Amino acid sequence: MKLKKLKSSICGLFIIMLLALVNASCSNGSNEDIVSDYMVTVTAGEGGTAISERISYVVGEEVNVTATAYNGYSFMGWYEDSNLLSTEISYTFNMPARNIQLQAVFESVSQPSEKGRYLVVYYTWSNNTKSVADELCSIIGGNMVEVTPSTPYTTDYNTMLNVGQQELNAIDNSGIYPAINTKLDSFSDYDVVFIGYPLWYSRMATPMQAFLHNHTSLLSGKKIALFCTSASSGISGTVTDARRLCPEADFLESLRIGSSSADNSHDTLVGWLGRIGVAVE
Ligand SMILES: Cc1cc2nc3c(=O)[nH]c(=O)nc-3n(C[C@H](O)[C@H](O)[C@H](O)COP(=O)(O)O)c2cc1C
């Protein structure tokens, strides 16, 4: 009887151990613990290449992907959808429990122009153009020359409107330019000559017309960048004046800045300088 009881206890113990083993092996094999392979896909945007060491990894395994930018491009980062994951060219991470698609993003590097030598010549009556000329010089680090009339103008605006109109008529009808104090011997030290002036009756202010008229041959073949300030009128009539006065000059894109923006011209100037290929300090 005792022996029978012992036998059945051993048997019971054996069954319990067997069940425990089966249970353990079942739980190791359950879905959440299965060690699976997941895929890593890498793509490269315009401007470079991207590679992954392998395409499939087990969860938790170290993954390394590498991006290479072509000349003229720089690597911006590894993205999954629109999420930036890393800006490292060689990016290492642990494989998550899902497939992962990475994109290497590159950006074109605009080649900064070589630092040039610049001259800013300007005329101003009420200081708007001077503000822009000052800002321009602080951005490009050039030399600055102010054109001044030999006989100072009135400070009264209404009188000035008449004087300006008379001087434009004198130029158009008789080829007579107002006398100015400013004379330069050469522009050969400069790669670009900036010419700044206020707009008068949709024309170039007469003192600057006088300056270009007096320096026509020296400005032949020179790169000239025109900028003006005006209350509302566009710059085109003044560009026509400049081309008439310096027919052999090489005119770059010109820039008009509104009088009310003259004290706040930095961003506009930087954008313009970029377009005409002038390096910003
Ligand atoms: C004689 C004279 C004529 C002007 N004619 C015009 C014009 O036709 N259109 C315009 O938008 N502004 C006109 N203006 C306004 C100036 O172009 C504007 O205020 C400019 O920013 C002044 O620059 P400054 O302060 O450097 O002199 C005129 C100003 C003067 C004194």
Side-chain angles (χ1 to χ4, degrees), residues 118-184 192-215 219 224-246 251-273 276 278:
Y118 307 118
L119 174 67
V120 177
V121 183
Y122 73 97
Y123 166 70
T124 191
W125 181 70
S126 54
N127 283 335
N128 291 338
T129 309
K130 175 177 165 40
S131 286
V132 176
D134 285 343
E135 185 62 33
L136 177 60
C137 255
S138 79
I139 296 171
I140 59 176
N143 292 338
M144 193 147 75
V145 171
E146 180 176 3
V147 171
T148 55
S150 300
T151 309
Y153 290 121
T154 174
T155 54
D156 178 71
Y157 187 68
N158 287 329
T159 312
M160 192 60 225
L161 288 178
N162 286 331
V163 171
Q165 186 64 78
Q166 283 165 18
E167 290 194 350
L168 284 168
N169 290 342
I171 290 172
D172 292 345
N173 301 333
S174 317
I176 296 172
Y177 290 80
I180 55 172
N181 297 323
T182 318
K183 181 165 170 27
L184 299 183
V192 179
V193 179
F194 290 85
I195 300 285
Y197 48 87
L199 178 146
W200 286 356
Y201 299 104
S202 296
R203 304 282 302 278
M204 179 182 284
T206 53
M208 188 52 84
Q209 290 208 37
F211 179 84
L212 295 185
H213 177 256
N214 298 350
H215 296 84
L219 287 167
I224 293 184
L226 303 172
F227 65 98
C228 85
T229 65
S230 78
S232 58
S233 305
I235 197 170
S236 63
T238 76
V239 176
T240 305
D241 285 328
R243 290 187 182 279
R244 183 191 84 245
L245 293 159
C246 296
F251 288 98
L252 306 178
E253 178 186 322
S254 51
L255 177 73
R256 177 230 163 223
I257 290 187
S259 313
S260 56
S261 307
D263 289 336
N264 187 22
S265 60
H266 180 89
D267 291 352
T268 307
L269 288 170
V270 169
W272 176 52
L273 292 167
I276 62 176
V278 169

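As the structure lists them, so they are numbered: ligands from 1, and atoms in each ligand from 1. These numbers come from a predicted model, not from an experiment. Numbering of residues begins at 1 and proceeds along the displayed sequence.
Rounding to the nearest 0.5 angstrom, the gap separating the SG atom in C137 from the OH atom in Y118 is 12.0 Å. Interatomic distance, T206 OG1 to I176 CD1, rounded to the nearest 0.5 Å: 12.5 Å. Rounding to the nearest 0.5 Å gives a distance of 5.5 Å between CG of L269 and CG of L136.
For atom 18 (C) of ligand 1, the nearest protein heavy atom (residue, atom name, distance) is S259 OG, 3.3 Å. Remark: minimum distance from atom 25 (O) of ligand 1 to any protein heavy atom is reached at S126 OG, 2.5 Å. Protein heavy atom in closest approach to atom 2 (C) of ligand 1: W200 CD1, 3.4 Å. Among protein heavy atoms, atom 12 (N) of ligand 1 sits closest to A231 N, 3.3 Å.
Polar contact with ligand 1: present for L199 (N/O pair, distance under 3.5 Å). Taking any N or O of G164, backbone or side chain, none lies under 3.5 Å from an N or O belonging to ligand 1. Polar contact with ligand 1: present for T129 (N/O pair, distance under 3.5 Å).
Taking every heavy atom of M160 and a limit of under 4.0 angstrom, the matching atoms of ligand 1 come to 1 (C), 31 (C). Shown in contact with W125 at under 4.0 Å from a heavy atom are these atoms of ligand 1, numbered in order with element: 24 (P), 26 (O), 27 (O). Listed by number with element, the atoms of ligand 1 under 4.0 angstrom from any heavy atom of T229 are 17 (O), 20 (C), 21 (O), 22 (C), 23 (O). For ligand 1, the atoms sitting less than 4.0 Å from at least one non-hydrogen atom of S233 are 7 (C), 8 (O), 9 (N), 10 (C), 11 (O), numbered in the order shown with element in parentheses. Taking a cut-off of under 4.0 Å to the non-hydrogen atoms of L161, the atoms of ligand 1 that pass are 1 (C), 2 (C), 3 (C), 30 (C). Residue S232 approaches ligand 1 through these ligand atoms, each under 4.0 Å from one of its heavy atoms: 10 (C), 11 (O). Close approach of ligand 1 to T124 (heavy-atom distance below 4.0 Å) involves ligand atoms 24 (P), 25 (O), 26 (O), 27 (O).
In terms of modelled atom types and a separation under 3.5 Å, the side chain of H215 and the main chain of F211 share a donor-acceptor contact. Judged purely by atom type and a 3.5 angstrom limit, T240 uses its side chain to pair as donor or acceptor with the backbone of S236. Side chain of S259 to main chain of A231: a donor-acceptor pair is present (N/O by atom type, distance under 3.5 Å, no hydrogens or angles).
Comparing heavy-atom distances from atom 29 (C) of ligand 1 across Y201, Y157, Y122 singles out Y157 as nearest.
At a 4.0 Å heavy-atom cut-off, ligand 1 does not touch Y197 at all. Under 4.0 Å from ligand 1, heavy atoms of N128 appear from its side chain as well as its backbone.
Residues T238 and M204 share a closest heavy-atom pair of CG2-N, 3.5 Å. Closest heavy-atom contact between M160 and T154: N-CG2, 3.7 Å.
Each of N128, N127, T129 was checked for a side chain to side chain donor-acceptor pair (under 3.5 Å) with T229, and the lone residue meeting it is T129. Y123 pairs with exactly one of K130, E146, M208 by the side-chain contact (heavy atoms from CB on, under 4.5 Å) rule, that one being M208.
The aromatic rings of W125 and Y157 are tilted relative to each other, their planes meeting at an angle between 30° and 60°.
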